[in-house]
Amino acid sequence: MAAIPSSITGLAYALVQHGRLLDVDAEDIQKQATATGVSFVAQLLQTKKMQALEVAEFASQTFGFPLLDLDAVDPVYLPGDALEAGLVQKAHAVALHRRAHKIFLAVSDPTNLQALDEIKFQTSLTIEPIVVEEDKLTRLIGRIVEASDTTLKNFVQEDIDLELTGDEAPTADTAVAAEVDDAPVVKYLQKIMLDGINQNVSDIHFEPYEKFYRIRYRRDGVLYEIAQPPLAIKEKIASRIKVISKMDISEKRVPQDGRMKLVLSKNRAIDFRVSTLPTLHGEKIVMRILDPSSAQLGIEALGYDADQKESLLSAVRRPYGMVLVTGPTGSGKTVSLYTCLNLLNEPGVNISTAEDPAEINLAGINQVNVNEKAGLTFASALRAFLRQDPDVIMVGEIRDLETADIAIKAAQTGHMVLSTLHTNDAPTTLTRLMNMGVAPFNIASSVSLITAQRLARRLCSCKQPLDVPREALLRAGFSEEQLEGSWPVYGHVGCDLCAGTGYKGRVGIYQVMPISEEMTRIIMKNGTALDIADQARREGVRDLRQSGLLKVMAGVTSLEEVEAVTNE
């Protein structure tokens, strides 16, 4: 038997190998399928060389997967929320059943690993393929997509008691605003935003592409596709969001920033920071959900260990000095700073903040939005603060030497200064300031405490103990003494409560490093980050990995999550 060409793969290869199809025909069908954007099985059936049932029986017997007749399945009882309609259409697969961390998929080609991997990635579930006939699968997918496309019409009848408002009346012309006041789009947008709030989402992405339009949520730091509305409504959604956010809806060539407010009740309103970006196929819009209640949680809810919390509170309650919070974008620095500000926010304290932009509005705190085009920089805002009789100053970020110098002078002249930097850990923050050009004696005399942080996903209540080898735990960073205790390492499983991910919510992992006298001497001698890290270790300061491992011991998060977020 002649060798099968390497271009023939998957189900086509098996059909040729078993003499059910000529290699020339298989190669030609694969090329046609790729060119027309359909599956190999669909193209094979069009050639009438095999019947749908014949292909399904062959795939089931050859690859050892169960065979199912879709006519025996009532679509009403399918888990409709397991896969989004867009993913069903793209992967050409339908979810039949979901149990714990497994999802059973109806597929006509179980060798289409790209589609199966896509579903596994999107759902974080183990895939169990069930082979079905291609023609019946195509009809079922058509019904699912059709039902999804009517969602907009259904929302018109829904009674959503929400009111969208900006901080002021929209600047767009009334006639233009009425033009985009399309009832189905308004209801649909409100529904997307309300669901995002209910699911504790941090960002909502509206993304236009050439042939489809998708909406994604960022939940617990991970993006999930939640809908693929009709491509025809992308302009209406963009215009509606821009009107409410007080943007120029006629300007589609440059990025814009805006803000909107979703009024849920008399006592609760959620702010959204909105950003638009012109792309090849329309405007991508990202909405950051800013919930003021996140700053009211209290320091206990953030995940600080008892000794770390005591050190932080001691530093921020001093009458003067500088407290720096470091970490990458999205690590929760803003919430940590606002939690500290909320503790200090009393009638007898004057607090001023300079941010780019202010994310959470807190009564009693004077918040300033930096506007570099107008000349209002962090440095100029800081100078103005010092003439406003402040007690506490918060600078959104120290980006340059000028801002750093003014902040340090403020800390040295009787003010408490809070700010952020983008560094990997606490010791490198001090050397970053030196590299900016700040004199070592100014750093030593002003910085009181540095805290580095990351956010790790919190295990859901469906977590299960894992059998992890002792060697693996030692490699992860656990000490011999820690392994002598009896505590389980938990792993994620997945249930309805956590949408199958195994995680629900996030918890902070911290390295809290007070600046001791010995560290001050190292700084004055132009010591390196390694010198400072060694001294911190001698003084009992836990690094991010060690703090994360304590969360693993407590069953709060998984070992793989800690390794992912603390892998420097």
Subject >> Min side-chain heavy-atom separation Glu402-Arg383 under 4.5 Å >> reply: yes
**OP:** Mind running side chain to side chain donor-acceptor pair (under 3.5 Å) on Thr326 and Gln453 for me, showing each step along the way?
**Re:** CA-CA 6 Å; Thr326 76; Gln453 65 182 74; over 6 Å; no
Subject >> Note, Leu312 side chain near Gln308 side chain (heavy atom, < 4.5 Å) >> reply: no
Subject >> Lys261 side-chain N/O to Phe272 backbone N/O, donor-acceptor pair under 3.5 Å >> reply: no
Original post:
Going through the checks in order, is the side-chain contact (heavy atoms from CB on, under 4.5 Å) test met by Ile204 and Ile289?
Top reply: CA-CA 8 Å; Ile204 305 174; Ile289 300 177; 4.2 Å; yes
**OP:** Take Tyr224 and Arg219 through the side chain to side chain donor-acceptor pair (under 3.5 Å) test and state the conclusion after the steps.
**Re:** CA-CA 7 Å; Tyr224 299 93; Arg219 186 171 62 244; 4.9 Å; no
Original post:
Between the side chain of Asp203 and the main-chain N/O of Leu223, is any donor-acceptor distance below 3.5 Å?
Top reply: no
**OP:** May I ask you to decide whether Arg542 forms a salt bridge with Asp307, counting only side-chain N to carboxylate O separations under 4.0 Å?
**Re:** yes
Original post:
Ser311 pairs by side-chain contact (heavy atoms from CB on, under 4.5 Å) with which of Asp305, Leu449, Val541?
Top reply: Leu449
Original post:
For Thr451 and Gln511, does a side-chain donor sit closer than 3.5 Å to a side-chain acceptor?
Top reply: no
Original post:
Between the side chain of Lys284 and the main-chain N/O of His205, is any donor-acceptor distance below 3.5 Å?
Top reply: no
Subject >> Lys120 vs Thr126, side-chain contact (heavy atoms from CB on, under 4.5 Å): CA-CA, chis, key distance, verdict >> reply: CA-CA 6 Å; Lys120 185 176 181 180; Thr126 302; 5.6 Å; no
Original post:
Which ring-ring contact (aromatic ring centres under 6.0 Å, His included) pairs, counting each pair once, include a residue from residues 435-460, with sequence neighbours left out?
Top reply: none
**OP:** Please identify each residue that fulfils salt bridge (Lys or Arg N to Asp or Glu O under 4.0 Å) with Glu397, with sequence neighbours left out.
**Re:** Arg399
Original post:
Checking side-chain contact (heavy atoms from CB on, under 4.5 Å) against Leu83, which of Val94, Leu105, Leu125 comes through?
Top reply: Leu105
Original post:
Does His415 use its side chain to pair, donor to acceptor, with the backbone of Ala410 at less than 3.5 Å?
Top reply: yes
Subject >> Intermediate values then yes/no, side-chain contact (heavy atoms from CB on, under 4.5 Å), Lys551 and Leu549 >> reply: CA-CA 5 Å; Lys551 297 285 192 296; Leu549 294 179; over 6 Å; no
Original post:
With a 4.5 Å limit on heavy-atom distance, are the side chains of Val368 and Val370 in contact?
Top reply: no
**OP:** Measure from the side-chain N and O atoms of Tyr490 to the backbone N and O of Gly555, and report whether any donor-acceptor pair falls under 3.5 Å.
**Re:** no
**OP:** Could you tell me whether Gln199 atom CD has more than 12 heavy atoms of other residues or ligands within 6.0 Å of it?
**Re:** yes
Subject >> Under 3.5 Å side-chain donor-acceptor pair for Asp220 and Asn200 >> reply: no
Original post:
Does the gap between the ring centers of Tyr503 and His492 come in under 6.0 Å?
Top reply: yes
Original post:
Charged N to carboxylate O below 4.0 Å: is that the case for Arg457 and Glu560?
Top reply: no
Original post:
Does the pair Leu324 and Ile398 meet the rule for a side-chain contact (heavy atoms from CB on, under 4.5 Å), with working shown?
Top reply: CA-CA 10 Å; Leu324 297 173; Ile398 294 178; 4.1 Å; yes
Subject >> Residue pairs fulfilling salt bridge (Lys or Arg N to Asp or Glu O under 4.0 Å) with at least one residue in residues 85-96, sequence neighbours excluded >> reply: Lys90-Glu118
Subject >> Lys/Arg N to Asp/Glu carboxylate O, Lys102 vs Glu128, below 4.0 Å >> reply: yes
Original post:
Are a donor atom and an acceptor atom from the side chains of Ser275 and Gln256 found within less than 3.5 Å of each other?
Top reply: no
Original post:
Is there a donor in the side chain of Ser380 and an acceptor in the side chain of Thr377, or the other way round, less than 3.5 Å apart?
Top reply: yes
Original post:
Using 30° and 60° as the class limits, which term best fits the ring planes of Tyr510 and Tyr304: parallel, tilted or perpendicular?
Top reply: parallel
Subject >> Short N-O contact, Asp534 and Arg538, less than 4.0 angstrom >> reply: no
Original post:
Do Gln190 and Met193 touch side chain to side chain, with heavy atoms closer than 4.5 Å?
Top reply: no
**OP:** Determine whether the side chains of Thr528 and Asp531 contain a donor N or O and an acceptor N or O closer than 3.5 Å.
**Re:** yes
Subject >> Criterion side chain to side chain donor-acceptor pair (under 3.5 Å) on Thr353 and Glu355, from CA distance to verdict >> reply: CA-CA 6 Å; Thr353 73; Glu355 301 164 78; 2.7 Å; yes
